[in-house]
Asker: 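Here it is: the structure, laid out below.
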Amino acid sequence: MIRFEGIHKSYPVHGREVVALHPLDLTIQAGEVFGIVGHSGAGKSTLLRLINGLETPSGGTLTVDGQALGTLDGDGLRRLRRRVGMIFQHFNLLSARTVLDNIAFPLRLAGVSKAQARARAQDLLVRVGLEAHRDKYPAQLSGGQKQRVGVARALATEPKILLCDEATSALDPQTTASVLQLLDGINRELGLTIVLITHEMDVVRRVCDRVAVLDAGHLVESGPVAEVFLHPQHPTTRRFVAESEAIDEGALQEDIAHVAGRLLRLTFTGEDTWQPLLGRVARETGIDYTILAGRIDRIKRLPYGQLTLAVTGAQSDEALRRFAQAGVHVEELSR
Ligand code: ADP
Ligand code: MG
């Protein structure tokens, strides 16, 4: 659906070039929820704005929905933008228009009659659960409601792609969860391709299928969320995961100093998460273990567990073998 080939972007600032994105290759498949995570200034918004032609690349080829962006004239670009909706951190609603008219606005711009635009907006209001608020103004809505209006407005022109620029960053955790649920539903029911940029790995964990990590304009890691989240390779990715897991590395190192044995990290995914494996292997091999850190949760709909253990006992090699045999990913950590 979206293909970046050698795409890079610099901005002229006071007569010199500031590099926002170094040459990168990236493919986003139709129907997936793709996350891009990175710190402030990493180049996330630039990357997103290239997709709907709000920014022009300094070089490389960008193909969106089968069309090379560089070859489009003004008309072609406008048609493409109707197939690409966008939502924003600060909602960008029109304060002097009602909820219904905010949602109808892109259709009016596209030349749809007022009656038709409002009828379509009414359907979208229902989809995002705001029927009761149709005649209110944005100032009368909560942050979560405003973002729902943003989503409905973005869907008005029936886009194939939805771009989300830090769409939940101004919302509290509970509202974030409900907006992410809405996006997940839209992705599943309408088959919309969603590209979501965020500085929070937890947002990626909840809704994304695949993820790319941007660090100072470099794409440093990408892959299925389960892989990147459970086995991060790049130091920047590791930091994002540790932040989202609320792991205090210093405290963990202190705890580790207090316990004897081999340090292991076991990762269970899917059905394995629910097997009573740890106790069984301990009984069978006579090992003992201390749990130092752990989390049982879900990556989108995939259950997973990740435990850091200190293991003692003569049969620890055999225990490791049995864990691995049962499909558990076993890593030995150094002290
Ligand atoms: P992010 O969304 O990850 O915070 P941005 O894509 O907004 O990052 O910015 C990436 C880099 O490009 C930053 O160094 C930023 O200052 C610079 N930048 C972004 N937009 C412009 C612009 N219009 N003019 C000049 N520099 C810009
Ligand atoms: Mg940004």
Side-chain angles (χ1 to χ4, degrees), residues 2-28 33-62 64 69-70 77 81 84-93 143 146-147 150-151 153-154 161-171 175-176 179-180 183 193-208 210-223 225 228-229 232 234-244:
I2 303 166
R3 190 190 298 274
F4 289 79
E5 289 166 289
I7 284 286
H8 58 101
K9 174 70 182 177
S10 304
Y11 294 102
V13 179
H14 304 307
R16 47 181 213 97
E17 296 283 294
V18 173
V19 180
L21 290 175
H22 295 276
L24 62 89
D25 297 310
L26 180 67
T27 302
I28 297 172
V33 183
F34 196 95
I36 295 162
V37 68
H39 291 115
S40 172
K44 304 183 297 297
S45 295
T46 299
L47 193 145
L48 212 61
R49 292 162 59 85
L50 289 168
I51 297 172
N52 61 5
L54 283 177
E55 298 287 355
T56 322
S58 307
T61 313
L62 177 55
V64 178
L69 249 60
L77 203 56
R81 285 206 186 118
V84 185
M86 188 158 176
I87 59 175
F88 307 88
Q89 178 173 3
H90 298 295
F91 324 119
N92 297 14
L93 302 179
K146 284 182 198 168
Q147 196 55 290
V151 170
R153 179 186 56 184
I161 300 170
L162 179 63
L163 307 177
C164 310
D165 191 343
E166 301 272 3
T168 58
S169 297
L171 305 176
T175 312
T176 292
V179 169
L180 294 180
L183 293 177
T193 305
I194 297 182
V195 186
L196 181 155
I197 66 178
T198 176
H199 62 277
E200 289 174 293
M201 199 62 176
D202 217 46
V203 167
V204 168
R205 180 181 64 77
R206 284 160 188 253
V207 285
C208 296
R210 292 196 305 140
V211 60
V213 183
L214 270 183
D215 184 28
H218 293 278
L219 201 160
V220 295
E221 191 161 352
S222 68
V225 174
V228 173
F229 186 81
H234 192 273
T236 301
T237 318
R238 286 169 189 262
R239 269 200 301 279
F240 272 113
V241 172
E243 267 169 36
S244 82

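What you see below is based on every heavy atom in this structure, not just the backbone, and it leaves out hydrogens, waters and symmetry mates. Counting starts at 1 for both ligands and their atoms, in listed order.
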Asker: A side-chain contact here means heavy atoms from C-beta on lying under 4.5 Å apart; do Val33 and Leu183 qualify?
Answerer: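 No, too far: nothing below the 4.5 Å cut-off.
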Asker: Provide the number and element of each atom of ligand 1 under 4.0 Å from a heavy atom of His39.
Answerer: 3 (O)
Asker: Within the supplied structure, the quantity of interest is the number of heavy atoms (other residues, nucleotides, ligands) at a distance under 6.0 Å from Arg3 CZ; does it exceed 12?
Answerer: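 Count not over threshold, so no.
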Asker: Donor-acceptor pair, distance only, cut-off 3.5 Å: does the side chain of Ser58 make one with the backbone of Ser10?
Answerer: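 Confirmed, Ser58 side chain pairs with Ser10 backbone.
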Asker: Keeping Gln147 on the side-chain end and Ala167 on the backbone end, is there a donor-acceptor pair under 3.5 Å?
Answerer: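 The answer is yes, because a donor-acceptor pair under 3.5 Å joins these two groups.
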Asker: Any chance you could measure Leu180, atom CG, to Leu171, atom CG, to the nearest 0.5 Å?
Answerer: 9.0 Å
Asker: Look at ligand 1 and say whether Gly38 reaches it with a heavy atom at a distance under 4.0 Å.
Answerer: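 For ligand 1, residue contact (heavy atoms, under 4.0 Å) with Gly38 is absent.
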Asker: Is there a donor-acceptor contact under 3.5 Å from the side chain of His234 to the main chain of Thr236?
Answerer: yes
Asker: What protein heavy atom is closest to atom 8 (O) of ligand 1, reported as residue, atom name and distance in Å?
Answerer: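 Protein heavy atom with the smallest distance to atom 8 (O) of ligand 1: Gly43 N, 3.1 Å.
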Asker: Using the rule given for side-chain contact (heavy atoms from CB on, under 4.5 Å), can you reason through Leu219 versus Phe4, listing the C-alpha separation, both sets of side-chain angles and the distance that settles it, and then say yes or no?
Answerer: CA-CA 12 Å; Leu219 201 160; Phe4 289 79; over 6 Å; no
Asker: Would you say Ser45 has an N, O or S atom lying under 2.8 Å from the Mg ion (ligand 2)?
Answerer: yes
Asker: Indicate yes or no for a side-chain donor-acceptor contact from Lys9 to the backbone of Thr56 under 3.5 Å, with no hydrogens or angles considered.
Answerer: yes
Asker: Tell me, please: is Lys9 in heavy-atom contact with ligand 1, that is, under 4.0 Å?
Answerer: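 No, Lys9 has no heavy atoms under 4.0 Å from ligand 1.
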Asker: Checking a contact table here: which protein heavy atom is nearest atom 13 (C) of ligand 1, and how many Å away?
Answerer: Gly41 O, 3.9 Å
Asker: Check each heavy atom of Val13 against ligand 1 and say whether those closer than 4.0 Å belong to the side chain, the backbone, both or neither.
Answerer: side chain
Asker: Quick check on contacts: which atoms of ligand 1 are under 4.0 angstrom from a heavy atom of Ser40?
Answerer: 4 (O)
Asker: Could you tell me the separation between the OG atom of Ser169 and the NE2 atom of His199, rounded to the nearest 0.5 Å?
Answerer: 4.5 Å
Asker: Any idea which protein heavy atom is nearest atom 22 (C) of ligand 1, and the distance to it?
Answerer: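 Going atom by atom, the protein heavy atom closest to atom 22 (C) of ligand 1 ends up being Tyr11 CD2, 3.5 Å.
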Asker: Under 3.5 Å between some N or O of ligand 1 and some N or O of Glu55?
Answerer: no
Asker: Counting only non-hydrogen atoms of the protein, does one fall under 4.0 Å from atom 16 (O) of ligand 1?
Answerer: no
Asker: Got an N/O contact under 3.5 Å between Ala42 and ligand 1?
Answerer: yes
Asker: For atom 9 (O) of ligand 1, which protein heavy atom lies nearest, and how many Å away is it?
Answerer: Thr46 OG1, 3.9 Å
Asker: Students should be able to answer this: which protein heavy-atom is nearest to atom 12 (O) of ligand 1, and at what distance?
Answerer: Ala20 CB, 3.4 Å
Asker: So, taking the atom named CG in Leu62 and the one named CD1 in Ile2, what distance separates them when rounded to the nearest 0.5 Å?
Answerer: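 Interatomic distance, Leu62 CG to Ile2 CD1, rounded to 0.5 Å: 8.0 Å.
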Asker: Considering the heavy atoms of Ser45, write down every atom of ligand 1 situated less than 4.0 Å from one of them.
Answerer: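 Those qualifying, in numeric order: 1 (P), 2 (O), 6 (O), 7 (O).
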